[in-house]
Number of protein chains: 2
Amino acid sequence: MPDRPQPPASRGNRRRHDPDRRERIIAACLEVIAEFGVAGTSHRKVAAAADVPLGSMTYHFSGMDELLHAAFGRFATSVSDGFDAMMAAAEGPEEAERIVVAIVDDTAAESHRFLVLTHELYTLAAREPAFRGLTNAWMARSRAALERHFDPATARMLDALIEGLTIHRALDTEPHDPAVAADAIRRITGLRT
Amino acid sequence: MPDRPQPPASRGNRRRHDPDRRERIIAACLEVIAEFGVAGTSHRKVAAAADVPLGSMTYHFSGMDELLHAAFGRFATSVSDGFDAMMAAAEGPEEAERIVVAIVDDTAAESHRFLVLTHELYTLAAREPAFRGLTNAWMARSRAALERHFDPATARMLDALIEGLTIHRALDTEPHDPAVAADAIRRITGLRT
DNA sequence: GCACTTAGTGTACGTTCGTCCACATGACGA
DNA sequence: TCGTCATGTGGACGAACGTACACTAAGTGC
C-alpha cells in the first residue's frame, strides 16, 4: 500500500523527468495541425494530444510560433530525407524519372496528411518570412537530390513540376489520367524512355 | 440642437439600408485573410475592417465557413476572369506562351497578396471538401483558357507547371533565373519559338 | 399620421484561448 | 537522511471569440 496518495489514475503516473517530452509535443502538434489546421491549433489541444500538462507548453516553447516552427521543421526534414533516399537509390536518370512519376501518383492518391501539412506550411511561409527558411531548405534539398541525376536547370524545372502536379492531382476531384503526369515529366527531362 | 443623442461621429451615421453591405464584408474579409491568415480571421476583425456592426456578420452569413466560402469564391472567380481574358487576348500559341511566361514572372515578383490568398484557399480545400468546389472550378477554368491555344493534355501539364513555378519562385528567397521558367514552359508546349 | 412589417443592430453570455507565477516534486551532494 | 536547487505543474486571469436575442429604425399600406 502506497504511503502517498496516488495521483488520479486517468492522468497516469507521469514521471517528472521525461526526456522525450519535447519531441512528443512536436509530434502531437503535427497531428493536431493535420486534423484542425494551423487555424484550429491551440496549446490546449496539443497538450491534450501529447498527454502533457498545459504548463508544459510554455515551458518548452516560448509561444505558438516556436512550436509551429519546430513542428514544421521536423516535418520538412523527414520528407526531405525520404525524397533524398529515394533519389539516392535510383541508379540512373531513367530510374530516377520512374521514381518521380511514382511519387507524384502515390502522393496524390494516398497521403492526405502529407498534403494538408505541406499546404499549411506553405501558407505560413507565404505570409511570414520566418518560415521561409524551412521551405527554402526543403526546396534546396529536393533540388540537390534531383541533381544526382539531372543537370541543375532540369532539376529546378522538375522540382517545380512535381509540386504543381501533386497539388493539382490532390485537389482535383475528377480522376486523372496518370499518363499525363508521366508525359509532362518526360517532356521536362527530355529522356526518351 | 438635436432632441436625440447623436451616435458617435467616429462610427459614422450608418444608413440602415446599405445594399452593398454584403459585398463590402466579403471584400474586407479577403483583406483580413491576406493580413492575418484564416487562422487569425474573426467576425470581429472583419466587421471592424468593413466598418459594420458585429451583428451584421451573423445577419449576412450563417457562420465563418459561409463567409470564407463567399470570400474565396469571389477571389477565385476574379483571378480566373483575369487569366481567361489574357488567354483570350493572345492570338496564337506563341503569344500565349509568352503571356504565360510573363504571368509566372510577374506573379512571383509582385503580388504577395495573391500568393497568400491562393495558399490559404488551397489549405482550406486540402482539409475540407466543401472548398474543393472552388478550387475545382478555378482549375477547370484555367485549363479551359489554356485550351484556347493548346491541346487538352498540354493544357493540363502547363497548368500544373505554372502552379509549381509560381510557388517555388515566390517561396524561394534566392533570386531565380527567369530563363529556367521560360525554358520549362517551352519544353512542355513543345514550341520552338 | 398611424399601425404594422421587415431589416438591421448593440450587447451580454458562455466558451476557449495564451500566459503567468506560486508552488510541488524529484534529483542530488553533503 | 536531510537541505537545497532546478525542473516542471496546476490553476487563475484577462482578453478575444461566436452566437443569440431583445430591441430600434426604416419602410409600407391605409
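Sequence lines set the chain letters: A, B, ... in the order given, protein chains first and strands last, and positions in each chain run from 1.
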Checklist entry - For A:Thr58, does its backbone N or O pair with a side-chain atom of A:His43 as donor and acceptor, under 3.5 Å? => result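 No, because the side chain of A:His43 does not come within donor-acceptor range (under 3.5 Å) of the backbone of A:Thr58.
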Item to check | Member of B:Asp106, B:Thr107, B:Asp105 meeting the side chain to side chain contact (heavy atoms under 4.5 Å, CB included) criterion with B:Thr166 | outcome: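 In the set B:Asp106, B:Thr107, B:Asp105, the residue that makes a side chain to side chain contact (heavy atoms under 4.5 Å, CB included) with B:Thr166 is B:Thr107.
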What is the separation between atom [atom1] on [X] and atom [atom2] on [N], rounded to the nearest whole Å?
X: A:Phe36; N: C:dT16; atom1: CZ; atom2: C1'; value: 14 Å
X: B:Arg22; N: C:dG8; atom1: CZ; atom2: P; value: 12 Å
X: B:Met64; N: D:dT19; atom1: CE; atom2: C1'; value: 14 Å
X: A:Met57; N: C:dT16; atom1: CE; atom2: P; value: 18 Å
X: A:Glu66; N: C:dT19; atom1: CD; atom2: C1'; value: 15 Å
X: A:Asp51; N: D:dG8; atom1: CG; atom2: P; value: 16 Å
X: B:Phe61; N: D:dA20; atom1: CZ; atom2: C1'; value: 18 Å

Checklist entry - Are B:Asp183 and B:Arg186 within salt-bridge range, i.e. N to O under 4.0 Å? => result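 Yes.
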Expected rows: protein N/O vs nucleotides 11-16 of chain D N/O, under 3.5 Å:
none

Checklist entry - Does A:His43 put a side-chain nitrogen or oxygen below 4.0 Å from OP1 or OP2 of C:dC17? => result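 Answer is no, no contact under 4.0 Å.
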Next on the checklist: For a quick test of reading the model: is some side-chain N or O of B:Ser56 closer than 4.0 Å to OP1 or OP2 of C:dT9?
Outcome noted: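 Answer is yes, contact under 4.0 Å.
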Checklist entry - In terms of ring plane angle, is the pair B:Phe114 and B:Phe75 parallel, tilted or perpendicular, where the classes change at 30° and 60°? => result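 Geometry flag for B:Phe75 against B:Phe114: tilted rings.
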Checklist entry - In terms of the angle between their ring planes, are A:His119 and B:His119 parallel, tilted or perpendicular, with boundaries placed at 30° and 60°? => result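 A:His119 and B:His119: tilted rings.
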Next on the checklist: Among D:dT9, D:dA20, C:dT9, which nucleotide has an atom closest to any side-chain atom of A:Tyr59?
Outcome noted: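 Nearest listed nucleotide: D:dT9.
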Next on the checklist: Using the rule given for side chain to side chain contact (heavy atoms under 4.5 Å, CB included), can you reason through B:Ile26 versus B:Phe61, listing the C-alpha separation, both sets of side-chain angles and the distance that settles it, and then say yes or no?
Outcome noted: CA-CA 10 Å; B:Ile26 290 174; B:Phe61 303 92; 3.8 Å; yes
